[in-house]
Number of protein chains: 2
Amino acid sequence: MADARLEPIQGGSRGTLVSDAVRAAIYSGRFQPGEAIREMQLARELRVSQTTVREALLQLEHAGLVVREANRGTRVTSLSEQDIRERIAVRLMLETSAAAETVRRMTPEHLAELETQMHEIASAVRRNSYYESAQADLAFHRAIWRGSGNQTLFRLLDELTVPLFAFVSMRQSSNVTDLRRRVRSHEPILAALRSGQAAAVRKAIHGHLTTSYRQFLEGTVDAALVSPDPGKS
Amino acid sequence: MADARLEPIQGGSRGTLVSDAVRAAIYSGRFQPGEAIREMQLARELRVSQTTVREALLQLEHAGLVVREANRGTRVTSLSEQDIRERIAVRLMLETSAAAETVRRMTPEHLAELETQMHEIASAVRRNSYYESAQADLAFHRAIWRGSGNQTLFRLLDELTVPLFAFVSMRQSSNVTDLRRRVRSHEPILAALRSGQAAAVRKAIHGHLTTSYRQFLEGTVDAALVSPDPGKS
DNA sequence: TGTCAATCGGTTAACGATAATCGCTTATTG
DNA sequence: CAATAAGCGATTATCGTTAACCGATTGACA
């Protein structure tokens, strides 16, 4: 009973299938931010009804990947500078606390999983695969969020961050230097997690995020919401 | 141009109308937590198509008021003890930071608005109107969130808290003592906001929330995620 | 020639009907 | 008699079509 011979069939509903397809198209850049997505056209291309497409778009809207305007249409989300700063600020609040909790509950197995994810990032970077390295990067952070044991917290961080990955990384030049930095910048987090000290983890996450998003944060008038943890003004 | 003579007509899409109707029914208790909501039945009662009802239910699912299971049906969300604890923990993280930012940007106008909201709460309590006092309570907190100037933060707090109000207050006895407490427990927040000191505001919010939700928090094994701010273990 | 209303093209919103899926009950069969 | 399959009722998922809506453009009229 413990291990079935067959995997449960995947695919879910047709709407989810469509949603996945569009999501992949957005990530891979086939749909550009700001570009309109027409329900009927998509329905024809994918051989499904408009209703199904609509349900998929509703899901994507929830995930923050598209925006829908009544009677006007759907377009790929194009995060404004302000949107990005806001998301980063909130992510900073949540992820530092999540990681601090994660380190408290850390098991050797979980630490091993994080090290594996780290290897995945490095591997993708070695292959110079930008898309996959971003996926691995996200997976690493997800593993940290999950470790907090708070599903609500995980869900919110996911909702907040997925569009960030989709649209921020899109702008960053994917040159070799940036990719190398992607590996290095995660190492202090892992080190802090190994140390088991919550304060160190908070600092590591804070440093990682502010560094990673430096180019989006500089020029922010109110840095307050961006660094609520240290520097208690 | 600045002030129109007429308000923009409300009502939005039919789907939103249905969604509002169901939301009100949930809040008022006409739909109980755990109760099934049948699409076709609702469609007949409201004289709209099943598609429209479905869109409404999708909206409500996003808001966390109902849960939908593929091919099984929709039911009113019944938050588990764990869900509630998780939401409180995350709300604590976000609202303390939001309020700290709000106090930094506070204007006399905004402070006046909060005082007005406070009067609304007191007024509803005097009328012994439980439902309205809960609405006013929520409005007070919303005003604080909005003051942070971070729309993303506002949205997340809303998403997180609305179901809390819907289902937590439902369980609390709405006796006179509880209602009086509802007024009193907000006063320290207002006082802290007037003082202008971020640290005081953080403490006030923390105190308010842990007090308000005491009955749901006691017995929590890991209080860590619930008090990430003070008492740095 | 400027203003406003009617029209038009394109798109989403809503509809009614059918198909697919689920859990449960009832047969069937070895 | 137990295990399994077939059938049933209820419900959601999907479909194709029609209605409503928005913004831009055209055209009439002062």
Atom pair CG (Leu94(A)) and CG (Leu157(A)), whose distance is rounded to the nearest 0.5 Å:
5.0 Å
Listed partners of His62(B) passing ring pair (Phe, Tyr, Trp, His ring centres under 6.0 Å), at least two apart
His62(A)
Between C1' on dG16(D) and CD on Glu39(A), what's the gap in Å once rounded to a whole number?
15 Å
What nucleic acid atoms does Ile37(A) come within less than 4.0 Å of, heavy atoms only: base, sugar-phosphate, or nothing?
sugar-phosphate
Does OP1 or OP2 of dC15(D) have a side-chain N or O of Thr52(A) closer than 4.0 Å?
yes
Quick one, give me the B/S/- string for nucleotides 16-23 of chain C, reading 5' to 3', where B means a protein heavy atom under 4.0 Å from the base and S means that only happens at the primed atoms, P, OP1 or OP2.
BB---SSS
Would you kindly give the CD-to-C1' distance between Glu55(B) and dA13(C), to the nearest whole Å?
8 Å
Hey, does Arg68(B) reach any base, or is it just sugar-phosphate, or nothing, if we go heavy atoms under 4.0 Å?
sugar-phosphate
Looking at Arg85(B), Gln82(B), Glu86(B), Arg87(B), which hits side-chain hydrogen bond (donor to acceptor under 3.5 Å, both in side chains) with Thr152(A)?
Glu86(B)
Rounded off to whole Å, could you give me the CG-to-C1' distance for the Leu58(B) and dT12(D) pair?
12 Å
Ring-face cation contact, Tyr130(A) with Arg182(A), 6.0 Å cut, 45° max
yes
Angle, rounded to 10°, between the helical axes spanning five pairs at each terminus of the helix from dT1(C)-dA30(D) to dG30(C)-dC1(D)?
10°
Just the rounded figure in Å: distance from P of dA14(C) to CG of Leu57(B).
14 Å
Salt bridge or not for Asp20(A) and Arg23(A), using N-O below 4.0 Å?
yes
Distance check, rounded to the nearest 0.5 Å: Ile189(A) atom CD1 versus Leu209(A) atom CG?
7.0 Å
Scan Arg68(B), Arg44(B), Arg75(B) and name whichever one has a salt bridge (Lys or Arg N to Asp or Glu O under 4.0 Å) with Glu39(B).
Arg68(B)
I need the CZ-C1' distance between Arg47(A) and dG16(D), as an integer number of Å.
16 Å
Nucleotide dA10(D), atom P - distance to CD of Gln41(B) in whole Å:
13 Å
Gap between atoms CD and C1', on Glu61(A) and dA13(C) respectively (whole Å)
14 Å
With a cut-off of less than 4.0 Å, is there a side-chain N or O of Arg54(B) near OP1 or OP2 of dA13(D)?
yes
Distance, rounded to the nearest Å, where Met40(A) contributes CE and dG16(D) contributes C1'
9 Å
Side-chain donor-acceptor contact under 3.5 Å, Thr52(A) with Ser49(A)
yes
Indicate yes or no: does Glu113(B) engage Arg146(B) in a salt bridge with an N to O separation below 4.0 Å.
yes
